[in-house]
Amino acid sequence: MKKVYYLKTCNTCIRILKALNLPPEFILQDIKHDAITVKQLEEMKSLAGSYEALFSKRAKLYKEMDLKNQKLEERDYKHYILEHYTFLSRPVIIIDHDIFIGNSKRSVEAVKSKLQAH
């Protein structure tokens, strides 16, 4: 599977996608307009190891809902990601059985390396 979960309105996501210049076989899913399904999130979790790894603690809602002062468990992370797209750390790029989460330079470089290996 070659898939990208991203936000079309996120400048960082768009910049990363342009820099990666992904081949046409990649499926792009704008999570604001095409919400993540439970099955999709469970697939991401199986690759990432946890829902927490997929969860964005930089989301505005995270601060607004004062979640940083609550003890969140795996089921909470899953619930919040499914409840609102902003809680997914973006972009999430899946290449075969590898998952790359977020916009860190390290993550983007890892995607580039994986693409060159193909």
Side-chain angles (χ1 to χ4, degrees):
M1 172 167 45
K2 292 177 175 35
K3 184 144 192 177
V4 179
Y5 297 92
Y6 78 113
L7 268 180
K8 196 164 45 178
T9 56
C10 170
N11 291 335
T12 303
C13 287
I14 299 306
R15 178 179 48 77
I16 290 169
L17 290 176
K18 278 186 181 161
L20 292 174
N21 194 20
L22 298 171
E25 67 264 18
F26 273 82
I27 298 165
L28 300 174
Q29 180 172 334
D30 179 0
I31 59 174
K32 185 174 184 176
H33 297 287
D34 188 6
I36 299 164
T37 66
V38 172
K39 185 176 184 286
Q40 288 173 326
L41 185 57
E42 287 171 352
E43 287 170 353
M44 284 187 258
K45 186 244 183 193
S46 74
L47 294 171
S50 70
Y51 292 113
E52 184 177 8
L54 296 160
F55 188 84
S56 173
K57 292 181 177 161
R58 291 169 47 195
K60 240 168 60 179
L61 275 179
Y62 182 73
K63 292 173 185 81
E64 288 172 10
M65 295 169 74
D66 198 36
L67 295 177
K68 72 176 188 288
N69 293 317
Q70 296 177 33
K71 186 174 181 338
L72 299 180
E73 297 182 10
E74 277 295 286
R75 69 172 185 268
D76 300 316
Y77 292 120
K78 180 180 181 181
H79 164 79
Y80 286 119
I81 292 170
L82 289 170
E83 184 179 271
H84 202 279
Y85 63 85
T86 194
F87 287 117
L88 182 70
S89 192
R90 303 172 305 269
V92 173
I93 300 171
I94 298 172
I95 304 173
D96 304 324
H97 301 291
D98 292 316
I99 189 165
F100 306 90
I101 304 162
N103 56 27
S104 72
K105 188 174 176 131
R106 202 169 113 213
S107 184
V108 175
E109 290 303 317
V111 173
K112 285 180 182 174
S113 296
K114 179 73 175 177
L115 289 171
Q116 288 169 353
H118 265 129

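Numbers here simply count residues along the sequence, with the first being 1.
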Single-linkage hydrophobic cluster [X]~[Y], side-chain heavy atoms < 4.5 angstrom:
X	Y	answer
L54	L72	yes
I99	M1	yes
I95	L28	yes
I101	V4	no

Query - All side chain to side chain donor-acceptor pair (under 3.5 Å) counterparts of N11, not counting sequence neighbours - result: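 Result, side chain to side chain donor-acceptor pair (under 3.5 Å) vs N11: none returned.
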
Query raised in the report: Side chain of E52, backbone of E74: donor and acceptor closer than 3.5 Å?
Result: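 Answer holds: no.
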
Query raised in the report: Under the 3.5 angstrom rule, does the side chain of S113 hit a backbone N or O of E109 as a donor-acceptor pair?
Result: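 Answer holds: yes.
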
Requested in this report: Return yes when atom NZ of K8 has more than 12 non-hydrogen atoms of other residues, nucleotides or ligands closer than 6.0 Å, and no otherwise.
Outcome: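 Atom NZ in K8 is not packed in, count stays at 12 or less.
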
Query raised in the report: Take atom NE2 in H97; do more than 12 heavy atoms of anything else shown fall under 6.0 Å from it?
Result: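 No, the 6.0 Å shell around NE2 holds no more than 12 heavy atoms from other groups.
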
Find out whether [X] and [Y] are in side-chain contact, i.e. whether some heavy atom of one side chain is under 4.5 Å from a heavy atom of the other.
X	Y	result
M44	I81	no
R106	F100	no
Y62	F55	yes
E73	D76	yes
R90	N103	no

[atom1]/[X] to [atom2]/[Y] distance, rounded to the nearest 0.5 angstrom?
X	Y	atom1	atom2	result
K45	E43	NZ	CD	13.0 Å
I94	F26	CD1	CZ	10.0 Å
H84	M65	NE2	CE	9.5 Å
L47	D98	CG	CG	8.0 Å
L41	Y5	CG	OH	9.0 Å
N69	K63	CG	NZ	12.0 Å

Query raised in the report: Which residue, I14, I16, I93, L88, forms the side-chain contact (heavy atoms from CB on, under 4.5 Å) with Y6?
Result: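 Answer after filtering I14, I16, I93, L88: I14.
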
Report task. Please determine which of T86, L67, L61 meets the side-chain contact (heavy atoms from CB on, under 4.5 Å) test together with Y80. Result ->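 Filter result, single survivor: L67.
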
Query raised in the report: What is the minimum heavy-atom distance between V38 and L82, and which atoms define it?
Result: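 Closest approach of V38 to L82: CG2-CD1, 3.8 Å.
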
Query raised in the report: Nearest heavy-atom pair of G102 and S89: which atoms, and what distance?
Result: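 The answer is CA-OG, 3.8 Å.
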
**Report entry** Qualifying side-chain hydrogen bond (donor to acceptor under 3.5 Å, both in side chains) pairs with a residue from residues 16-32, counting only residues at least two apart or across chains
**Finding:**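 Of all non-adjacent pairs touching residues 16-32, those that pass side-chain hydrogen bond (donor to acceptor under 3.5 Å, both in side chains) are K3-Q29, Q29-Q40.
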
